[in-house]
There are 2 protein chains.
Amino acid sequence: MTSETRQKILEAASNLFELQGYHATGLNQIVDESKTPRGSLYYYFPDGKEEIAAEAVTLRMSEAITHTYQLINQVDDPAEAIYEMIFKASQKIIEQGYCTGAPIAAIALETSNSNERIRQACAQGYEGLQDVIRAKLVLSGFSSQIAATLAATVAASMEGAMILSRTQQNPDILIQVAAQMRIMIQTASKS
Amino acid sequence: MTSETRQKILEAASNLFELQGYHATGLNQIVDESKTPRGSLYYYFPDGKEEIAAEAVTLRMSEAITHTYQLINQVDDPAEAIYEMIFKASQKIIEQGYCTGAPIAAIALETSNSNERIRQACAQGYEGLQDVIRAKLVLSGFSSQIAATLAATVAASMEGAMILSRTQQNPDILIQVAAQMRIMIQTASKS
DNA sequence: GTCTATAATAAGATAGAC
DNA sequence: GTCTATCTTATTATAGAC
């Protein structure tokens, strides 16, 4: 039942939402970009744009969570693993010419006061991402409470740094944050 | 030259941009909310919405910079000063019912690929905010380079935490980041 | 599953009067 | 400085054919 058309729509939509945000992205543009039949959009997504956005957010964040999980567990030392994760994000943003980064931040901010369904999809995505980081830290011997605080700081600083780097068209902040997160985790007490 | 009508438009616009973002905010809504004459909008802002947004961003960030400067220099110890700054932001977001926070983040993300003028206004605002934090750290004895890295991390983590707290309608991340930034600065080497 | 046509609405922007 | 009216062009969404 995993329709290919449906999947194409979600992928095109999530890319456009990352580049432009929610309200700037029209359904026509999603149809054009996805190269899917015009008549299929409301067939697969009866609730229209709202449903597409909620599903696109969920899809994008589940991909990000899987990717983060694999990346962060390639390296044993948590400080090094998190450093490399953020540093790689800085390299990706450079490659892409500073037009991407923080895939759901725009949509989260644009809809947090106007659309509960989309807001909740964003909130769940953010929570899942934090959980992966926290689990890595717990596995590395940090107490549950300290791991939670460190994970929150890593997730928040990475999200903020992506926005700042993208806006300033400069990877420096992301690179500085990567280095600082490494130091922070290295010097953190484990209990 | 400081027209009151002009000022009212900018204030209403910057509030709406914070709540809804750029593309969801219409010129009619700005006129209504600001309680200014309909015919004045294009008189004061010949370039229309783009000009309003660029000026609103500049206004909002210069206020934020002034506010941050005063707040951060009330307390001598930099770790404590930054802790209180972020903690106060968490209290404000609670008071406001999680509908505000990160005043220009949405507009920055929505326009970073489509409007150079607005993007630059956002970039300058973010830079000014970092400068205030960096200056405080330099004054506290940190080397220029370490102060820059710490300031970048504080600015990024605060921005990210505001977005996450707002999206999750929960102040925890902001409070955890406040606590962690305090530890980070306390334990940072000064050179 | 997919099509076209269109409804219904709202957007940003401009012209010309006063 | 401010007004109204209007142009142009989007938008989301639906109806009905195939």
Side-chain angles (χ1 to χ4, degrees), chain A residues 1-57 106-107 109-111 113-119 121, chain B residues 1-57 106-107 109-111 113-119 121:
Chain A
M1 203 54 206
T2 312
S3 156
E4 195 188 335
T5 295
R6 201 186 133 91
Q7 216 56 25
K8 277 184 174 177
I9 290 173
L10 288 179
E11 271 161 40
S14 63
N15 286 335
L16 290 169
F17 289 146
E18 177 172 14
L19 290 168
Q20 307 173 333
Y22 180 71
H23 288 99
T25 300
L27 298 182
N28 285 338
Q29 201 182 4
I30 293 174
V31 169
D32 291 347
E33 200 75 18
S34 64
K35 282 160 191 156
T36 53
R38 301 198 86 77
S40 299
L41 200 146
Y42 279 94
Y43 174 82
Y44 288 108
F45 303 95
D47 290 344
K49 194 179 183 178
E50 172 185 8
E51 187 175 1
I52 293 176
E55 299 254 346
V57 164
I107 208 172
L109 288 163
E110 286 181 89
T111 65
N113 295 315
S114 59
N115 191 305
E116 186 61 11
R117 181 177 181 182
I118 302 175
R119 184 195 69 75
Chain B
M1 198 56 195
T2 313
S3 157
E4 195 188 333
T5 296
R6 200 186 135 90
Q7 217 54 28
K8 277 183 173 177
I9 290 172
L10 288 180
E11 271 162 39
S14 63
N15 286 335
L16 289 169
F17 289 146
E18 177 171 15
L19 290 168
Q20 307 173 333
Y22 179 71
H23 288 98
T25 301
L27 297 183
N28 285 338
Q29 200 181 3
I30 293 174
V31 169
D32 291 349
E33 200 77 17
S34 64
K35 283 160 191 155
T36 53
R38 302 197 87 76
S40 299
L41 200 144
Y42 278 96
Y43 175 79
Y44 288 110
F45 302 95
D47 290 344
K49 193 179 186 180
E50 172 185 7
E51 187 175 0
I52 293 177
E55 299 254 345
V57 164
I107 209 173
L109 288 163
E110 286 181 270
T111 65
N113 295 316
S114 57
N115 191 306
E116 186 61 11
R117 181 178 181 180
I118 302 176
R119 184 196 67 76

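Interface limits on DNA chain D: the 5'-most and 3'-most nucleotides within less than 4.0 Å of chain B heavy atoms are dG1(D) to dC3(D).
A search for side-chain hydrogen bond (donor to acceptor under 3.5 Å, both in side chains) contacts involving Q7(B) returns nothing, not counting sequence neighbours. Residues satisfying the side-chain hydrogen bond (donor to acceptor under 3.5 Å, both in side chains) test with R117(B), not counting sequence neighbours, are D47(B). A search for salt bridge (charged side-chain N to carboxylate O under 4.0 Å, His left out) contacts involving E51(A) returns nothing, not counting sequence neighbours. With sequence neighbours excluded, the residues forming a side-chain hydrogen bond (donor to acceptor under 3.5 Å, both in side chains) with S34(B) are T36(B), listed by chain and number. Residues satisfying the side chain to side chain contact (heavy atoms under 4.5 Å, CB included) test with L27(A), not counting sequence neighbours, are I30(A), L41(A), Y42(A), K49(A), I52(A).
Across the protein-nucleic acid pair, Y43(A) atom OH and dT4(C) atom C1' stand 19 Å apart, rounded to whole Å. Computed from coordinates, the L41(B) CG to dG12(C) C1' distance equals 10 Å when rounded to whole Å.
Using a 4.0 Å cut-off on heavy atoms, the residues of residues 33-40 of chain A that approach DNA chain C are P37(A), R38(A), G39(A), S40(A), listed by number. Across residues 11-29 of chain A, not one residue has a non-hydrogen atom less than 4.0 Å from an atom of DNA chain C. Residues from residues 45-55 of chain A with heavy atoms under 4.0 angstrom of DNA chain C: there are none.
Within the 4.5 Å cutoff, the side chain of Y22(A) has no heavy atoms near those of the H23(B) side chain. By the 4.5 Å heavy-atom criterion applied to side chains, Y43(B) and T5(B) are not counted as neighbours. Between E110(B) and E110(A), some side-chain heavy-atom pair lies under the 4.5 Å cut-off. At least one side-chain heavy atom of E50(B) sits under 4.5 Å from a side-chain heavy atom of N115(B).
For the pair I107(B) and A53(B), the tightest heavy-atom approach, listed with the atom from each and the gap, is CD1-CB, 3.9 Å.
When heavy atoms are screened at a 4.0 angstrom cut-off, Y44(B) is found touching the sugar-phosphate backbone but no base atom.
Evaluation of the salt bridge (charged side-chain N to carboxylate O under 4.0 Å, His left out) test over residues 27-46 of chain B, restricted to residues two or more places apart or in two chains, returns D32(B)-R38(B). Residue pairs meeting the salt bridge (charged side-chain N to carboxylate O under 4.0 Å, His left out) criterion with at least one partner in residues 10-30 of chain A, sequence neighbours excluded, are E18(A)-R60(A).
The backbone N or O of S114(A) sits nowhere less than 3.5 Å from a side-chain atom of T111(A) that would complete a donor-acceptor pair.
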